[in-house]
Amino acid sequence: MARVRRLRTQEASFWKSDYKVSEDDLDYLTGVILEAGQPARLDDLVSALMLRLIHREKERAARQVSDGEVYRPADHYDVGQNLYFTDRDLAQATVVNVRPGVNPRYSDFQVIRVDFEDGTELEFASDLDIAHPLNRPPEELVGGSAEDLSEEEILQTYRGDVSPRLEEALESDEGWVQFDGVWFLSELLPEFHVGHLNLAEAAIYEAARPLPVTEILGRLELGLAGSRQAQLFSLNLALAQDERFDNVGTRTQQNWYLRALMPEAAFSRPAVHRNPFRPSGDEYIGLTMLDIVESLGDELDSIEGAYVGNGPDIAFEVSFPHLYAGTMPASRALLSLFSYEQGQHLQVKLIDGRNGRSFSGWLLPEEGYIAGLGDWYKQVGMVVGGLVTVSPGDEPASLKLGITVPRSSSSGWVRQASVADGALVIQMQLGRIAVRHDPATLIDVADPEAIAGLMVQTQQGNRSLYNLIKAVFAELAKLSPQGVASCQAIYSAVNMYRRTGAVPVFSILTRNACFDPVGSGEWAYDGSLEGQIYETPEGMRERPLSHRNDLARDQVVRYAGN
């Protein structure tokens, strides 16, 4: 069947692979910015560029046939006429002969012989007014077919293919600058020098709160050239390039604060949180372990599809990395309470449930924690294993933190961690704990800096999680008359070597035959089974290699379901 010419901008291959951003394209976008006099988002530039390419191709196709006719079977042609054939990608040919056509199905019609520019001669029907795809109006034959995508559909379908190529071209061109996905011409930037930024710093100190960029611009009271949008863009760019400032607002509503007034963890992931062991969801653990994972409330275990973390209650047990860094977990359940953008540092009002006093925290959704709890942890006497409940506050972007202070604070024997010869040492020491805690995860720390240094050393040494579990098991088991250790204590102690979720730890205990569950969350170790792995859930449950008579069998489940 004959076909009509299809514009290249209708073809997926053009947008996905063939199109390359040219200097001419960048010159055109420069004109767009110059005419508007204000910055533009990348999506808007992409749309403007794609529409230009679409329109230019349509105009070019129209010009190609302006000095000739578009071939249609219904039309009459004479020798010497120039024709364009839309079913041959607008190839041009000249009529060299006309003869009567013979076909009993049709009335009188003509056959024309045409000579194409490449020397090919072919014959086509003319004066044949029948229903035929090529007998449509010439403008439709040149511009495409009824099945073609509209301009808006082209933008929606292929914008994602053009956007990264245009962004790369803009980034490599010194004439363009960008802030948070918004682009402008460097030659049009109103100038903000260090004196202006010093004034901005003073304004934020005076306000003692994050300031919108519009308010900072107003406080500077400058008679700068350029549109207000250009001034705001330039000020945002200058603040972003100065290490003193941090945008704690959104990409469209910038609020600037001073890093000197923020905890370091609000803009830089603490060393004790780096390179963690995370669950993938494919791990197998005991069914009763799911309740333990839930109670620990580790953000690393809060993954999509997991059996835990779906209830309305939010609570966590403080691990050493969080205690040392002054952070708290931001699980999926907690994040669901907030609206935020990618890369945003969201200021959160944290309220001490004991007295109603509030302080600022900083939610980093992509990092999975809230920073700014260091002073509060010290005030309440927080320890590793301390229990904290979290509930929404009465105001937007606020959380109430709850702890329980024991009725008596008498001293008792507690596990205490220290570092000796590059290894974690755990001993029983007399201590006094000021907050309600989980005895299974409670480990007092006399020298936090030594433990933090050990964690950095462990990351550099790249020891396996299995190796770390064996090391802490030996330390914990020596404190037990039965030579056992709870999975919670193992998790808590491993987090003094390397940041990890509970699920990766529990999975290793479950799969390795040298570890056996003996009830109440306690595990024993059998060195004779070192290296033996249970490959199936049935084997992990029944543990047929075990030599123990007190084995506690637990149904095994895949952590993130099927």
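Here the side chains of Val318 and Thr441 are not in contact, with every heavy-atom distance at 4.5 Å or above. At a threshold of 4.5 Å between non-hydrogen side-chain atoms, the residues Trp362 and Met262 count as touching. Residues Arg165 and Val46 form no side-chain contact, since every pair of their non-hydrogen atoms from C-beta on lies 4.5 Å or further apart. Asp18 has its side chain out of reach of Glu11: every pair of non-hydrogen atoms, C-beta onward, lies at least 4.5 Å apart. Contact of the Leu442 side chain with the Val384 side chain is not registered, since no non-hydrogen atoms from C-beta on lie closer than 4.5 Å. Inter-residue side-chain proximity for Thr327 and His273 is flagged as met; some heavy-atom pair is nearer than 4.5 Å. With contacts defined as side-chain heavy-atom distances shorter than 4.5 Å, the pair Arg219/Leu211 qualifies. In this structure, the side chains of Asp246 and Leu239 stay at 4.5 Å or more apart for every pair of heavy atoms.
Under 3.5 Å, the side chains of His322 and Glu299 contain a donor-acceptor pair of N or O atoms. Remark: the Ser22 side chain and the Asp25 side chain contain an N/O donor-acceptor pair separated by less than 3.5 Å. For Glu449 and Tyr324, the side-chain atoms include at least one donor-acceptor pair closer than 3.5 Å.
Of all non-hydrogen atoms in Gly356 and Ile351, the two that sit nearest each other are O-CG2, 3.7 Å. Of all the heavy atoms in Phe233 and Phe184, the pair that sits closest is CE2-CB, 3.5 Å. Annotation for Ser398 and Phe338: closest pair N-CE2, 4.3 Å, computed over non-hydrogen atoms. In this structure, Val272 and Ala452 approach most closely via the heavy-atom pair CG1-CB, 4.0 Å. Considering all non-hydrogen atoms of both residues, Trp15 and Thr9 come closest at NE1-O, 2.8 Å. For Ala417 against Ile443, the heavy-atom pair with the smallest separation is CB-CG2, 3.6 Å.
Panel note: side chain Gln38, backbone Ala40; no donor-acceptor pair is recorded below 3.5 Å. Of the possible donor and acceptor atoms, one in the side chain of Asp301 sits under 3.5 Å from a partner among the backbone N and O of Val503. For Asn247 (side chain) and Asn255 (main-chain N/O), a donor-acceptor pair under 3.5 Å exists by modelled atom type. Between the side chain of Ser268 and the backbone N or O of Ala265 there is no donor-acceptor pair closer than 3.5 Å. The closest donor-acceptor contact from the side chain of Glu153 to the backbone of Ser150 lies under 3.5 Å. Here the side chain of Ser295 pairs a donor or acceptor atom with the backbone of Ile292 at under 3.5 angstrom. No donor-acceptor pair closer than 3.5 Å links the side chain of Ser163 to the backbone N or O of Gly160. A donor-acceptor contact shorter than 3.5 Å is absent between the side chain of Ser234 and the backbone of Ala230. For the pair Ser492 (side chain) and Gln488 (backbone), a donor-acceptor distance under 3.5 Å is absent. Between the side chain of Tyr497 and the backbone N or O of Leu424 there is at least one donor-acceptor pair closer than 3.5 Å.
Heavy atoms of other residues, nucleotides or ligands lying less than 6.0 angstrom from CG of Asp394 number 12 at most. Heavy-atom neighbours of Arg463 CZ from other residues, nucleotides or ligands within 6.0 Å: above the threshold of 12. By the 6.0 Å contact criterion, CZ on Arg159 is enclosed, its count of non-hydrogen atoms from other residues, nucleotides or ligands being greater than 12. For Glu171, the CD atom is densely surrounded, since the number of other residues' heavy atoms within 6.0 Å is greater than 12. Residue Glu187 places its CD atom among more than 12 non-hydrogen atoms of other residues, nucleotides or ligands, all under 6.0 Å distant.
With sequence neighbours excluded, the residues satisfying ring pair (Phe, Tyr, Trp, His ring centres under 6.0 Å) with Phe14 are Tyr19. For the side chain to side chain donor-acceptor pair (under 3.5 Å) test, residues two or more places apart in sequence or in another chain that qualify with Asp24 are Arg52, Arg56.
Partner Leu237 forms a side-chain contact (heavy atoms from CB on, under 4.5 Å) with one of Leu232, Leu189, Asp242 and no other, that one being Leu189.
Note that CG of Leu29 and CH2 of Trp183 are 11.5 Å apart. Values are rounded to the nearest 0.5 Å. In this structure, CZ in Phe277 is found 5.0 Å from CG in Leu465, a value given to the nearest 0.5 Å. Asn275 contributes atom CG, which lies 10.5 Å from atom CD of Gln460 (distance to the nearest 0.5 angstrom). A distance of 8.0 Å separates CD in Gln379 from CZ in Arg357, rounded to the nearest 0.5 Å. Separation of atoms CD1 (Ile370) and CE (Met328) is listed at 4.5 Å; rounding is to 0.5 Å. Note that CG of Leu296 is 5.5 Å distant from OH of Tyr491, once rounded to the nearest 0.5 Å.
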From CA spacing to verdict: side chain to side chain contact (heavy atoms under 4.5 Å, CB included), Arg274, Arg499 = CA-CA 7 Å; Arg274 293 174 191 161; Arg499 184 72 180 95; over 6 Å; no
message = I'd like to know whether Arg41 forms a salt bridge (Lys or Arg N to Asp or Glu O under 4.0 Å) with Asp43, so could you lay out the CA-CA distance, the side-chain angles of the two residues, the decisive distance to 0.1 Å, and finally the verdict.
response = CA-CA 5 Å; Arg41 303 199 68 82; Asp43 277 353; over 6 Å; no
task = Could you give me the CA-CA distance, side-chain angles and deciding distance for Leu337 and Leu399, then say whether side chain to side chain contact (heavy atoms under 4.5 Å, CB included) is met?
result = CA-CA 9 Å; Leu337 302 175; Leu399 295 172; 3.9 Å; yes
query = Yes or no on salt bridge (Lys or Arg N to Asp or Glu O under 4.0 Å) for Glu151 and Lys58, after CA distance, side-chain angles and deciding distance?
reply = CA-CA 12 Å; Glu151 293 179 356; Lys58 288 181 178 179; 3.7 Å; yes
task = Could you walk me through whether Glu283 and Arg278 pass salt bridge (Lys or Arg N to Asp or Glu O under 4.0 Å), step by step?
result = CA-CA 11 Å; Glu283 297 85 356; Arg278 299 175 181 271; over 6 Å; no
task = Verify side chain to side chain contact (heavy atoms under 4.5 Å, CB included) between Gln253 and Thr214, making sure each step is shown before the conclusion.
result = CA-CA 9 Å; Gln253 295 181 329; Thr214 52; over 6 Å; no
message = With side chain to side chain contact (heavy atoms under 4.5 Å, CB included) as the criterion, how do Thr30 and Ile33 come out once you've worked through the C-alpha distance, each side chain's angles and the decisive distance to 0.1 Å?
response = CA-CA 5 Å; Thr30 297; Ile33 295 294; 5.9 Å; no
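Arg269 and Glu264 are not joined by a salt bridge, as no carboxylate oxygen comes within less than 4.0 angstrom of a charged side-chain nitrogen. For the pair Lys16 and Asp161, the salt-bridge criterion is met [side-chain N within less than 4.0 Å of a carboxylate O]. Between Glu57 and Arg8 there is no salt bridge, since no side-chain N of the basic residue sits under 4.0 Å from a carboxylate O of the acidic one.
Classification of the Trp256-Phe179 ring pair by plane angle, with boundaries at 30° and 60°, yields tilted. Ring geometry for His196 against His193 counts as parallel: the plane angle stays under 30°, on a 0 to 90° scale with 60° as the upper cut.
Both the sub-6.0 Å distance and the 45° axial angle are satisfied by Arg259 relative to the ring of Phe267.
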